[in-house]
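All remarks here apply to the structure that follows.
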Amino acid sequence: MQKPSIPKGTRDFSPIEMSKRNYIFNTIREAFHLFGFQQIETPAMENLSTLMGKYGDEGDKLLFKILNSGNYLSGVDQNELSEGATNKLATKLCEKGLRYDLTVPFARYVVMNRNDITFPFRRYQIQPVWRADRPQRGRYREFYQCDADVIGSDSLLNEVELIQLMDDVYQRLNIRVAIKMNNRKILSGIAEIIGEPDKIVDITVAIDKLDKIGLENVNIELASKGISNEAISLLQPIILLEGHNFEKLSVLKNVLRTSEIGRKGVEELEYILRKIDLLKLHCELDVDLTLARGLNYYTGAIFEVKALDVEIGSITGGGRYDNLTGVFGLPGVSGVGISFGADRIFDVLNQLDLYPQDSLLTTQILFVNFGEKEEEYCLPIISELRKAGIRVEMYPEAAKMKKQLGYADTKKIPYTAIVGENEIKERKIMLKNMQTGEQKLMNIEQIIVSLH
RNA sequence: GUGGUUGUAGCUCAGCUGGUUAGAGCGUCGGUUUGUGGUGCCGAAAGUCGCGGGUUCGAAUCCCGUCUCCCACCCCA
């Protein structure tokens with residue numbers, strides 16, 4: 001028999017891992033609720049036409065496509081097969097694909113349900129997504145995203161709220177992070193003033209290397225990308241941008257004064273920073289011009305969250321998109337959203353071992369099984385304890401005590417209840433603290449009180 | 001998609017330039033006066049040496065292919 005395996009880039013989760021993951025999901029969900037977001041779900045698979053073309057050429061390659069059922073070769077002639085035009089063929093063989101993110105299916109949902117939605121719509125969604133990427137550390141082919149978006153409102157207050165939401169979640173999870181913020185309009189403005197509108201990506205990639213390779217090499221790289229000397233000298237203040245957010249802002253204001261879109265971007269950034277300044281954030285918020293993520297559909301603010309204590313890609317990302325539903329026939333609906341990467345957060349939390357003690361929902365009391373008579377005495381007690389919200393299990397057979405206590409030990413069950421003839425006679429329960437070894441004869445009420 | 005790397009017991013690994021029945025630690029299971037776990041002691045089970053082919057009298061070891069793992073690029077959560 002062949003050894004069983006799972007597809008690459010996917011993982012199984014054990015009971016302990018699941019309780020850790022649920023701690024993350026619950027924490028995020030709780031924060032979402034506090035900020036007034038409401039949950040929806042969408043199917044794992046979408047029509048391929050919904051997904052294709054929304055993530056750029058790269059994204060299209062990373063889509064998992066689902067082979068049609070039945071005779072999927074009907075309607076395909078031999079010539080097409082031998083030509084090997086895989087992309088074209090794929091659209092004939094596959095009508096469905098696994099979702100690549102939660103934002104595009106959400107846009108589709110909004111368009112389909114526009115008559116029932118009251119705008120502005122604050123929705124959240126916690127579901128897995130799939131990407132046919134090459135797996136690496138912190139990169140999986142199946143992973144969960146936790147998205148919160150506000151759609152149908154241009155107000156920058158939404159951006160301010162989402163920043164608070166990110167701050168809140170990471171404070172609850174006790175992960176030290178930095179929120180990076182940029183604005184797509186500022187990047188457009190920069191491209192405009194140096195007259196190189198197609199080179200934004202090259203510019204941000206080069207600027208990002210400043211710490212590693214130094215100013216001189218950054219300029220060399222820019223030149224090698226075909227950017228003129230004049231443009232490079234205009235870029236200098238931006239490459240060397242330093243200091244507090246408001247200091248950066250004033251440099252940008254000056255550099256971008258002749259670009260209308262650039263000024264708009266700076267204005268937006270300033271508004272957000274001023275409002276955030278009124279609040280007390282726990283984490284740092286940095287203006288970072290090298291942040292160019294999601295260039296394909298973001299149009300305003302761009303966010304990214306980096307963990308400070310673990311080397312891993314960004315653990316949350318998001319931004320403002322002005323016209324996402326336009327491609328589905330509903331123009332003019334603006335949205336802004338963020339996406340928490342639950343699997344990376346899981347990796348961070350594991351590495352730092354930041355799970356609170358009570359987040360692991362293991363059994364609290366194991367009843368040791370002595371035999372049938374004792375079982376009959378214990379069962380009503382157990383059900384009483386469960387009614388009081390205490391997690392209880394009984395060892396299912398009258399095995400040796402050593403074995404039963406060993407079971408409690410490996411499962412890290414904090415208490416065992418030892419009920420034999422003596423306890424039955426006294427109508428009590430011997431509760432043993434597995435950590436200290438201490439044990440006390442108690443009745444049900446005492447146990448309920450002491451475990452709460 | 002491009003380049004590099006890894007693969008031996010459930011886990012972490014050893015196995016020298018090819019040579020008999022492939023080893024260790026941890027873990028698992030059992031025993032260690034049947035109402036007390038974590039430590040100790042004794043014992044046991046467990047491996048198509050990733051898979052397929054080749055070279056050879058003989059391959060875990062050499063060669064080719066393939067898959068997988070991890071890493072860099074790309075992209076991203």
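Note on naming: letters A, B, ... go to the chains in the order of the sequence lines (proteins, then strands), and numbering restarts at 1 for each one. It should be emphasised that the depicted structure is a prediction, and the values quoted were computed from it without experimental measurement.
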Taking [atom1] from [X] and [atom2] from [N], how many angstroms apart are they, rounded to a whole number?
X        : N     : atom1 : atom2 : answer
A:Tyr415 : B:G38 : OH    : P     : 20 Å
A:Lys403 : B:U34 : NZ    : P     : 16 Å
A:Asn369 : B:U36 : CG    : C1'   : 15 Å
A:Arg131 : B:C74 : CZ    : P     : 17 Å
A:Lys8   : B:C71 : NZ    : P     : 13 Å
A:Tyr140 : B:C70 : OH    : P     : 8 Å

May I ask you to evaluate whether [X] reaches the phosphate of [N], defined as a side-chain N or O under 4.0 Å from OP1 or OP2?
X        : N     : answer
A:Arg139 : B:C75 : no
A:Lys402 : B:G38 : yes
A:Lys412 : B:G38 : no

Name the nucleic acid region contacted by [X], choosing base, sugar-phosphate or nothing; use a 4.0 angstrom heavy-atom cut-off, strictly under.
X        : answer
A:Glu142 : nothing
A:Gln136 : base
A:Phe340 : nothing
A:Gly59  : nothing
A:Asp101 : nothing
A:Gly313 : nothing
A:Ile418 : base

Rounding to an integer number of angstrom, what distance separates [N] and [M] when you compare their [atom1] atoms?
N     : M     : atom1 : result
B:G15 : B:G47 : C1'   : 14 Å
B:A59 : B:G19 : C1'   : 10 Å
B:U56 : B:U17 : P     : 22 Å
B:G30 : B:U20 : P     : 36 Å
B:U8  : B:U55 : P     : 27 Å
B:U21 : B:C67 : C1'   : 31 Å
B:U5  : B:C71 : C1'   : 7 Å
B:C70 : B:C63 : P     : 25 Å

Parallel, tilted or perpendicular for A:Phe13 and A:Phe346, by the 30°/60° rule?
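Judged by the thresholds at 30° and 60°, the geometry between A:Phe13 and A:Phe346 is perpendicular.
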
Over 60° means perpendicular and under 30° means parallel, so tell me whether A:Tyr407 and A:Tyr395 are parallel, tilted or perpendicular.
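Judged by the thresholds at 30° and 60°, the geometry between A:Tyr407 and A:Tyr395 is perpendicular.
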
So for [X] and [N], does any side-chain atom that can act as donor or acceptor lie under 3.5 Å from a complementary atom in the base?
X        : N     : result
A:Gln439 : B:U36 : yes
A:Glu423 : B:G35 : yes
A:Lys432 : B:U36 : yes

Which residue lies more 5' along RNA chain B, comparing A:Glu421 with A:Arg134 via nearest heavy atoms:
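Taking each residue's closest nucleotide, the earlier one in sequence belongs to A:Arg134.
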
